[in-house]
Amino acid sequence: MPKITGAQCLADMLAGYGVSHVFMVPAVLRRTLAEMERRTKIKRIHTHGEKSAAYMADGYARASGRPGLCMAQVIGALNLAAGLRDAHLAHSPVIALTGGREPKTKFRKVYQEVDDVPAFEPVTKFNATVDDVSRFPDMLRQAFRVAVSGTPGPVHLQFRGNEGQIDAEEAEMEPLVEPQFDRVPPFRPEPDAKSVLAALKWLQDAERPVIVAGGGVRASGAKRELVALAEKLSIPVATSLNGKDSIPGVHPLSVGVCGTYSRESANRVVSRADLVCFVGTETGGMTTHFWAVPKIGIPAIQIDIEPEALGRNYPLKAAVLGDAKIVLAKMIQNADAKTAARREPWLEQTRSICGEWRAKYRPMLESDAVPVRPERMCAELTRHVPDNGIVVVDTGHAGMWMGGMYDLREPGQSYLRSAGHLGWAFPAGLGAKCGAPDRPVVVFTGDAGFWYHIGEIETAVRWGINSVTVVNNNASGNQSKRGFDRVYGGEQTEKARELWTYRMVNFARIAEDIGALGIRVEKPVELAPAIQRALKADRPVVLDVATEIEALAPLAVS
Ligand SMILES: Cc1ncc(C[n+]2csc(CCOP(=O)(O)OP(=O)(O)O)c2C)c(N)n1
């Protein structure tokens, strides 16, 4: 076997796994970056911070289903680790490569060095060091294998040398790639046949069942099967926020997102159900409104690829271990459509609950008020996001507004959400556009969220990453208003507002200055033409909407 350098091996292997972009702040693995230019077509996206590089890799991974790559030298490693936290919470397959310590010099007060490895432990599935160049092939293969297998998640490899200079060394190596692990899911484990029939029996016997679908449905590519089963048996479908794109919001069986950043109708339906069927959801706090919706003790069945997830929060009548797409297909095959008639009164009830929700919020969804209401922004996005669009949503109020008020219209649309980190959506949207370049990407963020990584407008312009970023700009982080009202005993002092308000800034002007298209909207009638213009522009766009600072998103359970 001929000798090659670590850099050549790494560049060839990443290309072999189909990696099209890496996101990083130099200088790390410099020789590898040079070899990428010589030997591959990989784009080396040089960002304005390691955290946003990690968020871009995360958006890339969630949009494409393929591992997203991000990198940092030793001094940037913890910034990168901070950025893996959302990917970890969202089960997104991100591979982080960092520079690390050199055994010859460690403990001698080396410039910029601390032991970074422990900080990656809580946000990764696999956290390892590469200390000998001959280990490049097997360690990289393991990184891909772990990132995409089972419940996907982040992986960290630390390379010897503060900038990963180990990549200059040579060894006899074969840059062998296992294409099976270049995307999610690498395996589709078959369920035990008896467990499928047992779960199906519970579902068919129920009079008021509801399905709660999570992000596992997207990971498995099981949307079609989920909707087909719900249709065959007449079962309403609620989703977690992460699973919002499991079923279009306009589908007659969709009742909306349940849990905390949610739609009231979904929580009303889930609360009244006599059986809950969880599919690809970890039944976490946000999906269940901290285990109040549904209440623990409700008859429940669960389908998941991860044995540890089955029954973690809700004792189960039946548990099915397997790939969601396969399990649901088997349930459809065995389902008795005649049992659907039994659920007609329940469907009638759920339709009326959803109708009441629409009637209650229609005035806000159609509001002509100035400053613009966020609900109206969501309604305009429902109308104008293209049929193959990917919507990428920040957390906080952005998550509440879009989770509750925005509807996907088509099965070809996707919805990606921050798992909790403010500021995630704008860089994640850039990564999503790199991961799915043929699909329109529309980001929804508040102004506080947008400020975090505003420098990445320059990255978008430099690389021609043409996402549309819609900013709900109320010159504040007004989701915090309720919380501060409370601690001030009901009414805040003028000075209290300094805890959550900002200057009103025109982001469209900033975007224009940096070379993007900036569009400022101040009236609701301007929204539709602005969104259409943004989508046609084929440039990075910042659509800055001046909105009502007093607008507070409705709470989950009223
Ligand atoms: C990293 C991080 N820090 C703090 C928070 C807490 N937080 C949630 S929403 C929010 C303010 C959101 O403001 P903005 O994005 O402008 O949206 P608005 O509430 O004004 O609609 C804050 C500070 C968080 N979610 N993540």
Side-chain angles (χ1 to χ4, degrees), residues 49-55 58-59 78-90 119 122-123 241-242 259-262 284-286 364 367 369 371-378 381 391-406 416-429 442-454 456 469-487 492 496-508 510 521 542-556:
E50 293 84 4
K51 177 150 62 75
S52 47
Y55 287 169
D58 182 7
L78 293 197
N79 296 345
L80 201 70
L84 293 185
R85 209 168 175 281
D86 214 83
H88 169 72
L89 294 170
V123 293
L241 194 55
N242 194 22
T260 304
Y261 289 179
S262 62
M286 287 299 271
M364 283 309 178
S367 169
V372 175
R373 293 284 315 187
E375 297 92 326
R376 175 72 187 266
M377 292 173 73
C378 297
L381 288 171
V391 168
V392 182
V393 183
D394 216 49
T395 192
H397 249 160
M400 293 178 84
W401 290 124
M402 287 290 278
M405 307 283 168
Y406 169 77
L416 308 177
R417 62 86 172 96
S418 164
H421 294 85
L422 195 65
W424 172 87
F426 172 50
V442 178
V443 172
F444 185 100
T445 176
D447 53 312
F450 192 49
W451 277 120
Y452 268 74
H453 305 106
I454 195 164
E456 304 301 348
T469 301
V470 180
V471 186
N472 170 18
N473 184 1
N474 48 23
S476 70
N478 79 336
Q479 194 195 30
S480 301
K481 182 174 183 297
R482 274 195 191 108
F484 286 118
D485 280 345
R486 217 178 303 128
V487 296
Q492 290 181 38
R497 289 172 84 89
E498 68 194 26
L499 296 168
W500 56 276
T501 59
Y502 304 112
R503 290 168 59 83
M504 175 52 89
V505 167
N506 183 327
F507 291 114
I510 294 176
V521 164
V542 175
L543 204 167
D544 183 31
V545 186
T547 57
E548 173 57 60
I549 193 168
E550 300 301 329
L552 297 184
L555 299 177

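Values below: every heavy atom of this structure, side chains too, minus hydrogens, waters and symmetry copies. For ligands, and for the atoms within them, numbers begin at 1 and follow the listed sequence. Values in this document were obtained by computation on a predicted structure and should not be read as measured data.
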Report yes or no: do [X] and [Y] form a side-chain donor-acceptor pair below 3.5 Å?
| X | Y | value |
| --- | --- | --- |
| Gln479 | Trp401 | no |
| Ser418 | Asp394 | no |
| His397 | Asn478 | yes |
| Lys51 | His453 | yes |

N or O pair under 3.5 Å between [X] and ligand 1:
| X | answer |
| --- | --- |
| Trp401 | no |
| His421 | no |
| Gly420 | yes |
| Gly396 | no |
| Ser480 | no |

How far is [atom] from its nearest protein heavy atom, and which residue and atom is that?
| atom | value |
| --- | --- |
| atom 14 (P) of ligand 1 | Ala448 CB, 3.4 Å |
| atom 13 (O) of ligand 1 | Gly477 CA, 3.1 Å |
| atom 17 (O) of ligand 1 | Gly446 CA, 3.8 Å |
| atom 22 (C) of ligand 1 | Leu422 CD2, 3.6 Å |
| atom 8 (C) of ligand 1 | Gln479 OE1, 3.5 Å |

Notebook entry, point to check: Does a salt bridge link Glu498 with Arg503, judged by any charged N lying under 4.0 Å from a carboxylate O?
Noted result: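 So Glu498 does not pair with Arg503 through a salt bridge.
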
Margin query: If we count only non-hydrogen protein atoms and require a distance under 4.0 Å, does atom 10 (C) of ligand 1 qualify as touching the protein?
Written below: yes

Sub-4.0 Å atoms of ligand 1 with respect to non-hydrogen atoms of [X]:
| X | answer |
| --- | --- |
| Asn472 | 21 (O) |
| Asn474 | 18 (P), 20 (O), 21 (O) |
| His397 | 18 (P), 19 (O), 21 (O) |

Note to self: If you compare all heavy atoms of Val505 against all heavy atoms of Asp544, which two are closest, and at what distance to 0.1 Å?
What the structure shows: O-OD2, 3.8 Å

Next item on the list: Identify the two heavy atoms, one from Pro371 and one from Ala546, that lie closest to each other, and give their separation to 0.1 Å.
Entry: CB-O, 3.9 Å

Side chain, backbone, both or neither: [X] near ligand 1, heavy atoms under 4.0 Å:
| X | value |
| --- | --- |
| Thr395 | side chain |
| Asp394 | neither |
| Asn478 | both |

Next item on the list: Give a yes or no on whether Arg376 atom CZ has more than 12 heavy-atom contacts from other residues, nucleotides or ligands under 6.0 Å away.
Entry: yes

Margin query: Check the orientation of Phe426 and Phe450. Use parallel for under 30°, tilted for 30 to 60°, and perpendicular for over 60°.
Written below: perpendicular

Next item on the list: Run the contact test for Tyr452 against ligand 1 with a 4.0 Å cut-off on heavy atoms, strictly below, and give the result.
Entry: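 A heavy atom of Tyr452 does come that close to ligand 1.
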
Next item on the list: Could you walk me through whether Val391 and Leu416 pass the side chain to side chain contact (heavy atoms under 4.5 Å, CB included) test, one step at a time?
Entry: CA-CA 6 Å; Val391 168; Leu416 308 177; over 6 Å; no

Notebook entry, point to check: Are the ring centres of Phe507 and Trp451 closer than 6.0 Å?
Noted result: yes

